[in-house]
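The structure under discussion appears below in the form of structure tokens.
Sequence positions, counted from 1, serve as the residue numbers for this chain.
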Amino acid sequence: MNRRKLVTTALLITACAWAQDPSGQRFGKAIATLEPHPPKVMPLYDGAIPNSKNTPDQEQTGPAMGGILSKVSRPTITAYLPGKDRSVGSAMVIFPGGGYMIEAWKLEGTTIAEIFQDRGIAAFLVKYRLPDDATMENRSIGPLQDAQQALRVVRDHAAEWGIDPAKIGVIGFSAGGHLASTVGTHFDKPYGSTPPGTNIRPDFQILVYPVISMKSGLTHQGSRDALIGKDASEAQVRLFSNEEQVTAKTPPTLLVAGSDDMLVDVENSVAFYRALRRNEVQSEMHLFDRGNHGFFGLARGEWMSPVFAWMTRNGWAKP
């Protein structure tokens with residue numbers, strides 16, 4: 001349900017409640033449990049940020065599409081919690097894309113978070129560190145450390161936020177899809193400050209026009225160069241080629257991409273889907289014949305329809 005429909009629903013409730021309760025007391029309480037909570041921004045780490053150098057914060061925000069972030073070195077997590085009586089008990093951790101060079105904060109971030117929130121799904125938008133030798137000791141693992149920490153934070157606060165700790169998924173777009181698929185395939189090895197034994201495995205993952213591989217001829221070169229560098233070793237290439245990291249324990253996965261994607265070859269999605277099938281992982285893939293990168297040729301509802309249908313079939317969303 002979008003925000004306009006939510007308002008309509010609230011007005012209908014108003015009429016019924018006012019007829020039964022002219023004082024409005026019960027009505028006010030009922031509406032309060034339906035209204036979504038305002039976004040709450042929190043530091044991703046309580047203390048020191050792991051794998052960080054002591055450098056000034058040089059983060060920048062650009063006007064393109066209402067918000068592009070660059071030079072991110074101070075990670076945060078923003079909670080978009082639904083109203084108590086709207087919550088379905090599941091959560092979505094969101095990673096915007098941008099080639100590991102920027103983050104498309106509005107298009108693949110705040111807008112997406114609000115959509116999930118409106119459907120009663122708690123959304124958590126992650127501003128992850130962008131790889132940079134100037135701010136990190138090892139730039140290749142910085143985003144993954146932040147992604148794992150985000151899963152840890154959401155699970156640690158699941159009871160407080162009305163979330164079932166077994167219904168926490170991730171969604172990532174483009175290079176954010178690479179990050180989501182990395183946290184979905186590398187959860188057996190905690191990085192950073194995550195204590196051993198902590199459950200940092202997503203319960204499901206949704207990858208939207210994702211970068212998957214770091215292999216030459218398949219990868220998005222800009223994402224590869226930003227994350228592991230132009231002179232990356234074969235071991236690094238293999239480590240972050242997530243089609244090579246799929247096992248039977250990889251979470252259920254939905255892939256959504258455009259066959260006409262001119263920026264990230266759709267074969268990234270195909271390669272990951274094949275790996276999922278080889279390992280008998282529950283998986284589904286939707287390829288649109290148009291939409292290109294960013295799905296600018298599709299209405300948002302058109303490409304999100306299979307997302308919510310898949311989530312509903314699996315008990316992570318409601319019709």
Side-chain angles (χ1 to χ4, degrees), residues 42-55 71-77 91 93-101 103 124-158 165 168-172 174-205 207 210-214 219 223-229 232-247 249-251 253 272:
M42 299 164 283
L44 190 56
Y45 298 92
D46 290 332
I49 302 170
N51 183 33
S52 285
K53 296 179 180 178
N54 186 16
T55 57
K71 298 184 180 298
V72 177
S73 62
R74 307 294 196 270
T76 65
I77 185 168
V93 181
I94 304 167
F95 304 110
Y100 284 122
M101 293 172 279
E103 292 174 30
F124 297 89
L125 177 55
V126 181
K127 182 169 69 176
Y128 55 91
R129 285 172 290 168
L130 293 170
D132 191 338
D133 289 332
T135 61
M136 298 180 203
E137 298 293 342
N138 181 351
R139 75 184 191 195
S140 69
I141 64 170
L144 177 54
Q145 288 175 314
D146 296 347
Q148 290 185 338
Q149 175 69 4
L151 265 293
R152 176 186 173 189
V153 167
V154 175
R155 277 218 173 86
D156 284 351
H157 294 271
I168 299 173
V170 295
I171 185 171
S174 193
H178 182 267
L179 182 54
S181 67
T182 306
V183 78
T185 53
H186 292 67
F187 51 82
D188 282 338
K189 183 181 179 182
Y191 290 79
S193 59
T194 304
T198 303
N199 181 7
I200 49 174
R201 175 187 179 272
D203 296 301
F204 59 96
Q205 56 183 350
L207 311 177
V211 179
I212 294 292
S213 185
M214 293 286 112
T219 189
S223 297
R224 169 177 160 158
D225 290 350
L227 184 66
I228 60 176
S233 67
E234 284 301 316
Q236 280 184 302
V237 170
R238 181 177 174 82
L239 179 66
F240 289 104
S241 291
N242 292 327
E243 78 277 16
E244 299 288 343
Q245 306 302 325
V246 174
T247 71
K249 295 190 294 183
T250 300
T253 303
F272 199 69

Taking His178 for the side chain and Phe240 for the main chain, is one N or O donor matched with an acceptor at less than 3.5 Å?
yes
For Lys249, does the NZ atom have more than 12 heavy-atom neighbours from other residues, nucleotides or ligands under 6.0 Å away?
no
Between the OG atom in Ser174 and the CD atom in Glu103, the distance rounded to the nearest 0.5 Å is 12.0 Å
Is a side-chain donor-acceptor pair under 3.5 Å present for Gln145 with Asn51?
yes
Distance col, row Ile141:CD1 vs Thr182:OG1, nearest 0.5 angstrom, shows 12.5 Å
By side chain to side chain donor-acceptor pair (under 3.5 Å) - contacts of Lys71 (at least two apart):
none
What residues, two or more places apart in sequence or in another chain, satisfy side chain to side chain donor-acceptor pair (under 3.5 Å) together with Asp225?
Gln221
Looking at Thr253 and Pro251, would you say the former's side chain and the latter's main chain have a donor-acceptor pair under 3.5 Å?
yes
Short side-chain to backbone donor-acceptor contact, Thr219 and Ser213, under 3.5 Å:
yes
ring-ring contact (aromatic ring centres under 6.0 Å, His included) against Phe95, all qualifying residues, sequence neighbours excluded
none
Contacts of Tyr45 meeting ring-ring contact (aromatic ring centres under 6.0 Å, His included) (sequence neighbours excluded), chain-then-number -> none
ring-ring contact (aromatic ring centres under 6.0 Å, His included) with His186: which residues, sequence neighbours excluded?
none
For Tyr100 and Leu179, work out which heavy atoms get closest and say how close.
OH-N, 3.4 Å
Side chain to side chain donor-acceptor pair (under 3.5 Å) partners of Asp46, counting only residues at least two apart
none
So, Asp203 and Arg155, do they make that salt bridge, N to O below 4.0 Å?
yes
Short question: side chain of Gln148, backbone of Tyr191 - any donor-acceptor pair under 3.5 Å?
yes
Do the side chains of Asp132 and Arg139 get close enough for a salt bridge, i.e. N-O under 4.0 angstrom?
no
